[in-house]
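Below, each value reflects all heavy atoms present in this structure, side chains not excepted, and no hydrogens, waters or symmetry copies. Quantities reported herein were computed from a predicted structural model and do not represent experimental measurements.
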There are 2 protein chains.
Amino acid sequence: MNLERALERTLGRPREFDIEKALDEAMEIFWRHGYEGATIAQLTGAMGINPPSLYAAFGSKEGLLKAALDRYTAKRNECMREILAAPTAREVVERGLLKLADMQTDPANPPGCLLVAGGLACGVGSENIPFELAAHRAQSEALLRERFIRAREEGDLAEDSDPAALARYVSAVIAGIGVLASAGATREELREVAMVAVKAFDE
Amino acid sequence: MNLERALERTLGRPREFDIEKALDEAMEIFWRHGYEGATIAQLTGAMGINPPSLYAAFGSKEGLLKAALDRYTAKRNECMREILAAPTAREVVERGLLKLADMQTDPANPPGCLLVAGGLACGVGSENIPFELAAHRAQSEALLRERFIRAREEGDLAEDSDPAALARYVSAVIAGIGVLASAGATREELREVAMVAVKAFDE
DNA sequence: CCACTTATGTAGCAATCGCTACAGATGTAG
DNA sequence: CTACATCTGTAGCGATTGCTACATAAGTGG
């Protein structure tokens, strides 16, 4: 029983479903119905498996959500790193928010943002779900904050500007756009919001 | 059985609990746990009544939420009308967002906003709850839009400005602040967000 | 071949969900 | 008083919840 074989998970009956495809399906259910609104029956149905397979792979409903959130923010952060490469803070925000408006109204996904629609307030026994979502949202904010710190060092942002406050502001606009999108706002409406929001970086 | 007496609800055993006090308690439960996270047992416990009294007065869990939302937005709109009296659009937004930062971190209430934390995505059978919340959020946006239209007529806002887009932007910032607040942001952090957000009205 | 380990499907667990039947209590109308 | 209408508390309904016991299948190691 050496390390090599343990990592290959070669023992026992092999798993018959693609764990990442199943995660994508689960993500969509949580996205559309929220953590508490999503039932195990819905999740297993969409994932094409039975409850024991779900619990063997993810431990619990909450474990499944965490895995889905990790996958969601991995994709999201990858997309953000491209945008953070823009030359100025203003351009980062403009490109980012416009891209966000497009993504949140992509008919391939449920409208809005999983990190917002997933559940801002939950029942007893699920108290840490909102914190879990917040921790994942904080990743984007941290990336923005570091980018704005760099922008200030480069003279792109004023000396007296507050990168943390600016990042928190963009984070709030991102969340707000997610709320509007989940309520059915159109792509054009969200793009208009983005163009107003970016004006806070003009003056 | 004339109209007068019918309105006084003078027939039958009189209700023994204060319906508005009970609504305030229910509001707090929905606020803290969301629609789906709030259970009838919690609600009746907080309201100090038993299930039959709840269902006689409000019809269903959803009916109770609607009544709580009406009460919530009534208070909110009353507060907004004061703020809309400010002389300029910029001042309306600044005062409004700063006031919001204070309210959403008031320890007397759960953090955040009922219209956001109540449930952006719900399970099957509760599909209209998110729409219900959105309809109440839209009230604030409509008030802002009309105020901004007036501001443009008065020359306060530029001729080429878009009152609808501006109102939608402020609505997004309001929702975003609600998300940050529900995740535990401090009053000072939200005030900083507000001061950045209002800069979109400066240029 | 035989152990051993892990995944799968069926079937169903205890607990909780939103909600209500029922009987008794408490008021007004006559 | 009686008749009627509404509210209240107890007690519990059927349905659904997240989750799991169990037997079997499917792979590797020897």
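Summarising the geometry, the separation between CE on A:Met47 and P on C:dG9 is reported as 13 Å, rounded to the nearest angstrom. The distance between atom CD of A:Glu36 and atom C1' of C:dT16, rounded to the nearest whole Å, is 13 Å. Across the protein-nucleic acid pair, B:Ile40 atom CD1 and D:dT17 atom P stand 16 Å apart, rounded to whole Å. A:Leu54 has its CG atom 11 Å from the P atom of C:dT8, to the nearest Å. If you measure from atom CD1 of B:Ile49 to atom P of C:dT20, you get 15 Å, rounded to the nearest angstrom. The CZ-P distance, from B:Phe58 to C:dC19, rounds to 14 Å in whole Å. Look at CD on A:Gln42: it is 16 Å from C1' on D:dC19, rounded to the nearest Å. Between B:Tyr35 atom OH and C:dC17 atom C1' there is a gap of 12 Å when expressed in whole angstrom units.
Of all nucleotides listed (D:dG9, C:dT10, C:dG18), D:dG9 comes nearest to the side chain of B:Asn50. Checking D:dT8, C:dT10, D:dA5 against every side-chain atom of B:Leu11, the shortest atom distance belongs to D:dA5.
Both B:Pro52 and B:Arg13 lie near DNA chain D, and the one whose nearest nucleotide falls closer to the 5' end is B:Arg13. Looking at which nucleotide of DNA chain D each of A:Glu16 and A:Pro51 is closest to, the 5′-most match is held by A:Pro51.
Taking the ring centre of B:Phe148 as origin, the terminal cationic atom of B:Arg152 falls outside the region bounded by 6.0 Å and 45° from the ring axis. Under a cutoff of 6.0 Å and an axis angle of 45°, A:Arg15 and A:Phe17 form a cation-pi pair.
Between B:Arg137 and B:Glu141 there is no salt bridge, since none of the side-chain N atoms of the basic residue sits less than 4.0 Å from a carboxylate O of the acidic one. A salt bridge does not link B:Glu146 to B:Arg150: none of the charged nitrogens lies less than 4.0 Å from a carboxylate oxygen.
OP1 or OP2 of D:dC7 sits under 4.0 Å from a side-chain N or O of B:Arg15. The shortest distance between the side-chain N/O atoms of A:Ser53 and the OP1/OP2 oxygens of C:dT8 is below 4.0 Å. Within the 4.0 Å cut-off from OP1 or OP2 of D:dT20, not a single side-chain nitrogen or oxygen of A:Tyr55 is found.
A:Pro14 comes within contact range of the sugar-phosphate backbone alone, with a heavy-atom separation under 4.0 Å but no base atom that close.
Enclosure of atom NZ in A:Lys199 by more than 12 non-hydrogen atoms of other residues, nucleotides or ligands within 6.0 angstrom is indicated.
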